[in-house]
Amino acid sequence: MTTSAKPKLLTIRGLKIEGRSDETWMPIVNGIDLDLHRGEVLGLIGESGAGKSTVGLAAMGFTRDGCRISDGSVNFDGIELVDASADTKRGLLGKRIAYVAQSAAASFNPAHKIIDQHTEGPVTHDVMSKSDSEADAMKLYAKLRLPNPDEIGFRYPHQVSGGQLQRAMTAMAMSCRPDLIIFDEPTTALDVTTQIEVLAAIRNIVEEFDTAAIYITHDLAVVAQMADRIKVLLKGDEVEEADTRTMLSAPTEDYTRSLWAVRSFVRPEKPPADPKATPVVSIRNVTAAYGKVTVLHNVSFDIHAGRTVAVVGESGSGKSTTARCITGLLPPRQGTIAFDGQELPADYRKRTKDQLRQIQMIYQMADTALNPKKSIGEIIGRPVQFYGGLRGAKKRARVEELLREIELEPKKFYHRLPSELSGGQKQRVGIARALAADPKFIICDEVTSALDQLVAEGILKLLARLQDDLGLSYMFITHDLATVRAIADEVVVMKDGRVVEQGAKAEMFAPPHHPYTDLLLSSVPEMDPDWLSNLLAERGADNIGDAAVDKM
Amino acid sequence: MGSVTRIVLQRLALGLLTLFVVSIVIFTAVNLLPGDFAQAILGQGATEEAVNAIRRDLGLDQPPVQRYLEWLGDALQGDLGTSFAQANFANFVGSGTVSELASVTSQIAPRFANTMFLAGVTAAIAVPLSLTLGILAALYRNSVFDKLANITTLTSISSPEFFLAYILILFLAVLNPWLPSLSNIYAGMGFGERLEKTLLPALTLTLVVTAHMMRMTRAAIINLLASPYIEMARLKGLSPMRVIVRHALPNALAPIINVIALNLAYLITGVVVVEVVFVYPGIGQLFVDSVKIRDIPMVQACCLIFAAAYILLNLLADILSIVSNPRLRHPK
């Protein structure tokens, strides 16, 4: 870690960026200083709205449409980028400064083959001929441990999985051997087992070519693995900066400490459920299919009164499909779903209003789950009227009671539209809408995964309090094992539409595990900066991520 | 490739079905026109017997369903019937046969060829022009060029066609005698001469159809400029032109192709006014004349051709936009 001895590559001083909303320019970044030496990796962390992506792009001399650099300087290796001509910047972009975006699936052009997009940079910048660049791409793909490195580039982006695309994009960023790469949340959209593979690949290649990098993320454990130094941002201001180990062990600012503390929320253990009691919801041997494709195989588990069952697994494992079967949106091919010991009709259209009322859902994207044209009062009022039959003043009183329940001031929020709320507030409204039906059982589908950690913690605490007050049962769908650790009583692990393991939380987090549970657990990044190195040393690069899943 | 072939075949079958339905609609609509050929040709002083005689000879006294089936059966064999207006009644009455010249097919064929030629020349000018203008407008969006291109094309599309035609005649035929103002096309004309005579109507039609295609090209491209892959292309240091032509355009093709197809169909079916102004012997004039004298076989044949043109071009547009989608061309 003698990076400071190396020459300086990037110097940002007093950087101010404004964004236009309506007709006025609002500050987004209020004067950031940043230094980066050759071969050094700087982690930029903060919650959404902290300005970390904006700063990352500004380090390339680039602002998105509707944003502008209003003050300050960005000096890349002696070149001032803020007032450089478009030509000068184009000469640097892709060649000496490269970018890796959050979603590779969206950032690869669907109309061209991966390798044609890879070679575009080197050919445009006269670094390599097309055929040399193609040969180089295959070498990079091999280094990044992509399967079939000689062939994979000739596919179109939609023919390659998300984790593979993310590595192909890292290869593309490396195509001209840049001095600096901006990684903008490169693993946020990936499953944990896929993420670990991409992290290992990125770290190796950055080390091998001694490339400097700015690594932007909201995930502290990830940044701990990747960065030499960490800078924390909050609403466009720097909170503090230190080398990774110091930052993790001894953060000086309260805000940083609060970020670190989020992961410590854990609900007290409940006594095991009475095995003789009738479960609130009982799923028995459910097999379900979309068209001809069977997506659930013989799924069985129980959810008891007042308890939380976390259903974990990667995308495509059948978690949400199970929820669709329970709610009756997708009638199963075989098997039954019972509520309080009584079998429910498979199709929601055949269920009684009371049966429908008992099972409610909260969705992942509060943004799209709330009607943007209706006020909060109307959104919560509709199920109050539909299920409770309340009207006029009684309905209003009930809605206000629900708003107080979710800790939103009724007077302030009743007439607001969803667009006037923050992400966390919207999710609270989603919870109130589910509560409005006065259900016994609520399905929470990834309710915290789109939220910042502090906000997510608030939602988890609210759900926990509501469970204690109202005796609710939750089925909690998530891929985040930290969340599971925080709130679950029982855990169900799913893979490829099957339940691979289930049991009480304490048992699940203690060995011995099913190999897949073991892989899931071991893939969750920890705050220890040596975690990834230790894991790779312990398991070997072939036994992590998708490679390990494929072996099962 | 399997899925693409299947979709193409499905669309083709659907197109044929549409054409069949349209043929029913045409037949019904034409027969709902007030008055028939017999009344139209014999005038107000016609006696009942004379009208009935002509109706009987032409088969107009048969029930509509039977007439429709006969017409459809003949049409399927390539025989679109005999033009009432061209039939020589002295020969026709009694013998039941007509000269080749009076058949609808021989009447329409040269006119249709002329219409296709005019449409082809117009398309050859208008499509590349509007694509280029659209791409440039997207590249220099909100610039003076963009606004000028938009205002000009919008003005030309909002002006009546005959007005545009007379303005062009004024400037290109009268004040500067470069092009002939009359398009008297005849069989056996050389290609060059034919082209020269067709140029003025083609330019008029270009002014009419360019706006739609240009504005759709511009809008479809600009719509994509906020996509992450466009940002990625810009961050790779590519020139703005390359970003638009190589990264935005291939993904914007589907809506552009559809608007082009609609405008090409208009060039085949909707150019009566321009034909009249330039005395261009196209199918549009023939159609209007036939309606006037209730020459039913002719009207039906024209309608059928128009419908087929619309359906075929839209079908082609559908297929092309499907093929322009790499997800369908290259399944997983």
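Heavy-atom basis, side chains included; hydrogens, waters and symmetry copies ignored. So you know, we letter chains A, B, ... as the sequences are listed, proteins then strands, and number each from 1.
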Worksheet item: Looking only at heavy atoms, which of residues 111-130 of chain A get nearer than 4.5 Å to chain B?
Response: A:A111, A:H112, A:D116, A:Q117, A:E120, A:G121, A:T124, A:H125

Response to the item:
What one should report as the nearest heavy-atom pair of A:I69 and A:A58 is CD1-CB, 4.3 Å

Item to complete: State whether a side-chain donor-acceptor pair under 3.5 Å links B:D318 with B:N314.
Response: no

Worksheet item: Considering all heavy atoms of both residues, which atom of A:I216 and which atom of A:D184 are nearest to each other, and what is their separation?
Response: CG2-OD1, 3.7 Å

Worksheet, complete the sentence: Turns out that what part of A:Y99 lies under 4.5 Å from chain B's heavy atoms comes down to both

Worksheet item: Is any side-chain heavy atom of A:V41 closer than 4.5 Å to a side-chain heavy atom of A:F183?
Response: no

Worksheet item: Given a strict heavy-atom distance threshold of 4.5 Å, which part of A:R64 is in contact with chain B: side chain, backbone, both, or neither?
Response: side chain

Worksheet item: When heavy-atom pairs shorter than 4.5 Å are enumerated against chain B, which of A:K95, A:M169, A:M172 gives the highest number?
Response: A:M172

Discussion item. Let's test your reading of the structure: which of B:M232, B:K236, B:R234 forms the most heavy-atom pairs below 4.5 Å with chain A?
Written reply: B:K236

Worksheet item: Going by an N to O cut-off under 4.0 Å, is there a salt bridge joining A:R96 and A:D179?
Response: yes

Worksheet item: Are the side chain of A:Q166 and the backbone N or O of A:A101 linked by a donor-acceptor pair below 3.5 Å?
Response: yes

Worksheet item: Using non-hydrogen atoms only, which part of B:R242 is less than 4.5 Å away from chain A: side chain, backbone, both, or neither?
Response: side chain

Worksheet item: What part of A:L57 is in contact with chain B, defined as an atom under 4.5 angstrom from a non-hydrogen atom: side chain, backbone, both or neither?
Response: side chain

Worksheet item: So with a 6.0 Å cut-off around OH of B:Y140, is the heavy-atom count from everything else above 12?
Response: no

Fill in: Per-residue contact mode, A:D65 against chain B (heavy atom under 4.5 angstrom)
side chain

Item to complete: Would you indicate whether the side-chain heavy atoms of A:R155 and A:L165 approach each other to under 4.5 Å?
Response: no

Worksheet item: Checking A:A106 against chain B: side chain, backbone, both or neither under 4.5 Å from a heavy atom?
Response: both

Practice prompt. Give a yes or no answer on whether the side chain of B:N325 reaches the backbone of B:S321 with a donor-acceptor pair at less than 3.5 Å.
Written response: no

Worksheet entry | Nearest heavy-atom neighbours spanning B:V323 and B:R329 | O-NE, 2.6 Å

